[in-house]
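Order of listing sets the numbers, starting from 1, for every ligand and every atom in it.
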Amino acid sequence: MIIADKTGLVGTARDASGPGWRSLRLLVKSDGMGFSMTETKVLPGAVLTLQYKNHIEACYCIGGSGTVTELDNGAVHRIVPGVLYAPDAHDRHEVRNDGVDPLHLICVFLPALQGDEVHGPDGSYASA
Ligand SMILES: CC(=O)NCC[C@H](N)C(=O)O
């Protein structure tokens with residue numbers, strides 16, 4: 001049984017952040033599950049251009065509001081609590097927090113993250 005308490009992760013290598021976002025990596029590669037689960041906050045006003053070339057991801061919104069835009073076709077989707085988005089084909093996408101509160105997401109990555117990843121210039125994480 002794996003028990004992960006986010007309070008123990010704050011300030012460690014599994015407390016990752018970049019411009020406009022912060023993510024606590026609750027499940028990582030060394031846990032041996034094959035996937036990661038993270039708690040992500042995208043800050044108000046942030047616009048993230050992402051493409052997870054080495055992973056697929058699903059993000060479930062539990063707070064805040066924003067949009068995800070599919071950059072290859074321009075489709076814009078509203079993200080509010082209760083909505084999941086999944087760039088399942090390594091889609092280039094833009095995540096935008098247009099609200100006043102953090103856009104609060106629970107994210108799953110496959111394959112698992114090492115835990116300390118931040119985005120490269122192409123918006124991806126290196127393969128773990
Ligand atoms: C929306 C998004 O992908 N933000 C970057 C953080 C990522 N969700 C993560 O958990 O590492």
Side-chain angles (χ1 to χ4, degrees):
M1 176 74 68
I2 297 165
I3 307 293
D5 181 340
K6 74 173 189 179
T7 57
L9 300 180
V10 173
T12 73
R14 289 164 59 168
D15 181 356
S17 60
W21 64 274
R22 180 179 179 195
S23 182
L24 290 170
R25 274 65 189 265
L26 295 160
L27 268 181
V28 295
K29 187 177 182 188
S30 61
D31 290 313
M33 298 283 287
F35 65 89
S36 282
M37 183 170 287
T38 74
E39 184 195 50
T40 296
K41 288 184 178 171
V42 179
L43 302 180
V47 180
L48 310 179
T49 302
L50 305 172
Q51 183 181 24
Y52 292 115
K53 295 178 179 174
N54 302 308
H55 302 84
I56 54 171
E57 181 201 27
C59 290
Y60 181 66
C61 180
I62 59 169
S65 63
T67 58
V68 61
T69 301
E70 300 180 57
L71 293 175
D72 291 334
N73 62 23
V76 182
H77 309 281
R78 189 97 201 121
I79 304 300
V80 295
V83 174
L84 175 147
Y85 72 89
D88 62 331
H90 308 283
D91 318 47
R92 289 194 316 124
H93 60 288
E94 179 192 89
V95 176
R96 182 180 293 263
N97 182 348
D98 57 12
V100 294
D101 298 314
L103 179 62
H104 197 177
L105 305 167
I106 302 297
C107 306
V108 172
F109 282 86
L110 181 82
L113 301 175
Q114 206 82 43
D116 59 355
E117 286 89 344
V118 293
H119 301 107
D122 61 355
S124 77
Y125 292 149
S127 35

Tell me, please: is [X] in heavy-atom contact with ligand 1, that is, under 4.0 Å?
X      : result
Arg25  : yes
Cys59  : no
His119 : yes

Test of ring centre spacing under 6.0 Å for Tyr52 and His90: no
Ring centers of Phe109, Phe35 separated by less than 6.0 Å: no
Distance to 0.1 Å, residue and atom name: give those for the protein heavy atom nearest to [atom].
atom                    : value
atom 8 (N) of ligand 1  : Thr40 OG1, 3.1 Å
atom 3 (O) of ligand 1  : Tyr52 OH, 2.8 Å
atom 10 (O) of ligand 1 : Thr38 OG1, 2.6 Å

Asp101/Lys41 salt bridge by N-O under 4.0 Å criterion: no
Pick from Phe109, Tyr125, Tyr85, Trp21: the one approaching atom 1 (C) of ligand 1 most closely through a non-hydrogen atom: Tyr85
Proximal atoms of ligand 1 relative to Cys107 (non-hydrogen, under 4.0 Å): 8 (N)
Interfacing atoms of ligand 1 (cut-off 4.0 Å, heavy-atom, Ser23): 9 (C), 10 (O), 11 (O)
Same apolar cluster (I L V M F W Y, side chains within < 4.5 Å links), Trp21/Leu24: no
Single-linkage hydrophobic cluster, 4.5 Å side-chain cutoff, Met37 and Tyr60 together: yes
Under-4.0 Å heavy-atom contact with ligand 1, by part of Glu57 that carries it: side chain
Thr69 vs Arg96, side chain to side chain contact (heavy atoms under 4.5 Å, CB included): CA-CA, chis, key distance, verdict: CA-CA 8 Å; Thr69 301; Arg96 182 180 293 263; 5.9 Å; no
Parallel, tilted or perpendicular: ring planes of Tyr125 versus His55, cut at 30 and 60 degrees: perpendicular
